[in-house]
Asks: 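The structure under discussion is supplied below as structure tokens; questions concerning it will follow.
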Amino acid sequence: MIRFIIKRLLGLLPLLLGITLISFFVIHLSPGEPTVLQESMNPKVSLEVKERLLKLYDLDKPIYVQYINWLARIIRFDFGTSFIDGRPVIEKIARRLPLTLFINITSMMLIFLIAVPLGVISAVKKNSVFDRSMTIFVFIGFAMPTFWLALLLMDLLGVKLGVLPVVGLKSIDFEYFNFFEKIFDLAGHLALPIVLSAFSGLAGISRYMRTSMVNALKAPYIYTARAKGLPESQVIFKHALRNAVLPIVTILGLSVPGLIGGSVIFETIFSLPGMGRLFYEAVMQRDYSMIMASLVIGAFLTLIGNLLADISYAYVDPRIRYSKQ
Amino acid sequence: MKKVFRNKLVVVGFVIVFLFLVLAVFAQIITKYDPTAIVVEDALLAPSADHWLGTDQLGRDVFTRLVFGARISLSVGFIAVGIATLIGVILGSIAGYYRGWLDSAIMRFVDIMLCFPVFFLLLAVIAFLEPSIFNIMIVIGLTSWMGVTRLIRAEILSLKEREFILAEHALGASSARVILRHLIPNSIGPVLVSATLGVGAAILVESSLSFLGLGVQPPTPSWGNMLIEAKATLGVAWWLTVFPGVAILFTILGFNLLGEGLREVFGYNG
């Protein structure tokens with residue numbers, strides 16, 4: 001197992017290098033140097049400030065030197081300082097990241113808890129009324145613009161019925177609440193974003209679960225299990241489900257970039273102080289170093305997600321652990 | 001062709017897509033209003049015989065704006081997917097046909113691109129460009145070619161070993177001829193499926209970008225930026241929130257049904 005993990009970690013290195021390379025060039029190939037942007041935002045940028053920026057980003061040196069210097073700095077987690085308030089970028093991201101991770105991890109668990117049973121029932125009762133309505137739900141789920149659904153639910157639950165708060169993370173009088181009221185308040189503010197974020201992944205994952213389960217039920221070991229005279233519930237839950245659920249772990253890992261990308265939309269709509277909104281603000285203000293850092297860290301989180309999925313897959317399935325060594 | 005239209009999904013999908021296409025193409029004939037003309041005294045009218053889907057805060061006819069918005073969304077969808085498919089077909093067939101280091105390089109590049117949350121990549125690029133319809137199309141195209149590349153590569157890998165391709169080689173055909181005349185035309189089915197599904201996905205991305213204010217810029221109507229205005233009047237005018245969303249939902253649904261239907265017709269799973 002240790003060997004498997006080490007091997008996978010080493011395999012990440014070229015990907016990490018590629019991620020930094022693409023992030024660097026995406027931003028450098030765009031027209032508009034950071035110094036120009038700074039100037040266009042603030043006409044009073046003095047020559048001195050410009051010089052300092054030039055030095056900071058080595059913009060007077062050849063592009064490969066710039067890249068290597070930048071790489072050397074980000075290895076030490078030094079992503080520079082924000083153009084807006086001069087604070088270290090990594091500090092700002094570190095403060096915003098927990099909320100985004102919390103929302104995404106919770107919604108991933110929600111997806112898993114809902115999609116697996118839905119997929120299993122669809123597969124076991126293939127072509128039943130339930131399965132057919134699930135198919136329709138999946139088609140609608142795939143086509144649903146979730147930011148629109150967010151607006152509809154804000155309108156219905158927040159404005160019309162007034163049962164949920166629609167913006168921000170905390171109520172105004174949050175400071176005066178006791179512990180339980182605080183938890184309850186946070187939960188109320190996060191309920192819609194989490195549910196919506198889960199909805200966007202639900203259709204796909206429940207579909208995968210159905211396919212995976214249908215295939216598992218066709219496997220020879222299922223015939224064996226039935227031939228042994230095992231009750232159907234054991235055949236389904238013990239033999240088929242255990243095998244069918246494995247690929248879903250990988251698929252969930254693959255859905256990480258989509259979820260992180262989606263947090264830009266949800267955090268902006270609901271005014272939540274997470275990394276997605278931080279990135280959105282950086283884009284609106286063209287905060288150069290913040291955008292670069294967010295791109296790298298966003299991709300980095302995806303890699304970690306995939307790695308965790310791989311490791312847990314290998315942990316539960318010895319076939320993977322040994323065949324890849 | 002007959003076989004294609006015997007599939008239920010294809011028919012339903014095609015009807016929806018065709019309807020939106022007609023609206024988009026004949027926008028000027030269908031409606032008598034101007035999508036950007038401001039008529040202050042008609043602000044926030046509920047749906048009526050005059051204004052089928054009501055009016056917005058500036059008194060503009062919502063139906064008219066939806067119809068003109070269809071033009072924007074569909075053209076962004078088609079052109080972005082065109083770009084992505086072109087890149088995907090070229091890179092995928094090079095990787096699949098020549099194998100070796102070229103293949104490894106291209107596929108690693110795909111792996112790396114797939115690590116990025118697409119929305120982050122899109123926003124990062126758009127931050128440094130002017131958000132215009134033209135730029136949106138290109139940027140969406142440039143960030144969504146990875147799936148097609150993998151698909152084409154896999155198709156070509158399996159086609160390459162088939163007898164008719166081996167025969168072509170034996171007859172002395174050049175690599176270019178084999179790729180262009182035989183391999184690519186024979187993988188057209190899966191490409192068509194993924195392109196159809198891709199149009200829906202691109203429309204969703206465009207509307208999300210426009211909703212965030214980084215896509216199609218007002219006053220040009222797009223389904224996404226119409227919803228920005230809806231957010232500002234939440235709880236006041238339901239028609240501003242409901243109709244643009246329904247348009248997005250049904251357009252994407254149409255393309256997805258069409259795509260899934262074509263997948264069934266071509267008997268290809270992937």
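Each chain gets a letter, A, B and so on, in the order the sequences are listed, and its residues count up from 1.
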Asks: If we define contacts as heavy-atom pairs under 4.5 Å, which of B/Leu114, B/Thr251, B/Ile248, B/Val118 has the most with chain A?
Replies: B/Ile248

Asks: Among A/Ser263, A/Ser294, A/Ala282, which residue forms the greatest number of heavy-atom pairs with chain B at distances under 4.5 Å?
Replies: A/Ser294

Asks: Can you confirm whether A/Trp148 sits close enough to B/Ser207 that some side-chain heavy atom of one is under 4.5 Å from a side-chain heavy atom of the other?
Replies: no

Asks: For A/Ile269, is it the side chain, the backbone, both or neither that has a heavy atom under 4.5 Å from a heavy atom of chain B?
Replies: both

Asks: Working to the nearest 0.5 angstrom, can you tell me the gap between B/Glu260 CD and A/Thr135 OG1?
Replies: 10.5 Å

Asks: Roughly how far apart are A/Ile140 CD1 and B/Ile252 CD1, rounded to 0.5 Å?
Replies: 12.5 Å

Asks: Is the number of heavy atoms from other residues, nucleotides or ligands under 6.0 Å of B/Phe250 CZ greater than 12?
Replies: no

Asks: Working to the nearest 0.5 angstrom, can you tell me the gap between B/Ile112 CD1 and A/Leu21 CG?
Replies: 8.0 Å

Asks: Based on non-hydrogen pairs under 4.5 Å, which of A/Thr146, A/Ile22, A/Thr268 is most in contact with chain B?
Replies: A/Ile22

Asks: Of all heavy-atom pairs between B/Pro117 and A/Gly261, which one has the smallest distance, and what is that distance?
Replies: CB-N, 3.9 Å

Asks: Chain A heavy atoms under 4.5 Å from B/Leu121: which part of the residue, side chain, backbone, both or neither?
Replies: both

Asks: Given that the side chain runs from C-beta out, which part of A/Met284 has a heavy atom under 4.5 Å from chain B: side chain, backbone, both or neither?
Replies: side chain

Asks: Check whether B/Leu122 gets within reach of chain A through its side chain, its backbone, both or neither, counting any heavy atom under 4.5 Å.
Replies: neither

Asks: Of the options B/Ile228, B/Thr241, B/Val242, which is the one that meets A/Leu151 in a side-chain contact (heavy atoms from CB on, under 4.5 Å)?
Replies: B/Thr241

Asks: Which is it for A/Val283 and B/Ile126 under the side-chain contact (heavy atoms from CB on, under 4.5 Å) test, yes or no, and what are the steps along the way?
Replies: CA-CA 8 Å; A/Val283 165; B/Ile126 288 168; 5.9 Å; no

Asks: Should the heavy atoms of other residues, nucleotides or ligands under 6.0 Å from OH of A/Tyr208 be counted, would the total exceed 12?
Replies: no

Asks: How about CZ on A/Phe300, more than 12 heavy atoms from neighbouring residues, nucleotides or ligands closer than 6.0 Å, or not?
Replies: no

Asks: Let's test your reading of the structure: which of A/Leu259, A/Leu303, A/Thr302 forms the most heavy-atom pairs below 4.5 Å with chain B?
Replies: A/Thr302

Asks: Under 4.5 Å heavy-atom distance to chain B, tell me which part of A/Phe142 shows up: side chain, backbone, both or neither.
Replies: both

Asks: If I measure from the heavy atoms of chain A, does B/Val246 come under 4.5 Å with its side chain, its backbone, both, or neither?
Replies: both

Asks: Looking at every heavy atom in both A/Ile265 and B/Ser208, which two are closest together, and how far apart are they?
Replies: CD1-CB, 3.8 Å

Asks: Measuring heavy-atom distances to chain B, does A/Leu295 have an atom under 4.5 Å in its side chain, in its backbone, in both, or in neither?
Replies: both

Asks: Just one of B/Phe120, B/Phe116, B/Phe119 clears the side-chain contact (heavy atoms from CB on, under 4.5 Å) bar with A/Ile260, so which one?
Replies: B/Phe120

Asks: With rounding to the nearest 0.5 angstrom, report the CD1 to SG distance, A/Ile304 to B/Cys115.
Replies: 11.0 Å

Asks: Just by modelled atom types, is the B/Leu212 backbone N or O under 3.5 Å from a matching donor or acceptor in the A/Tyr280 side chain?
Replies: yes

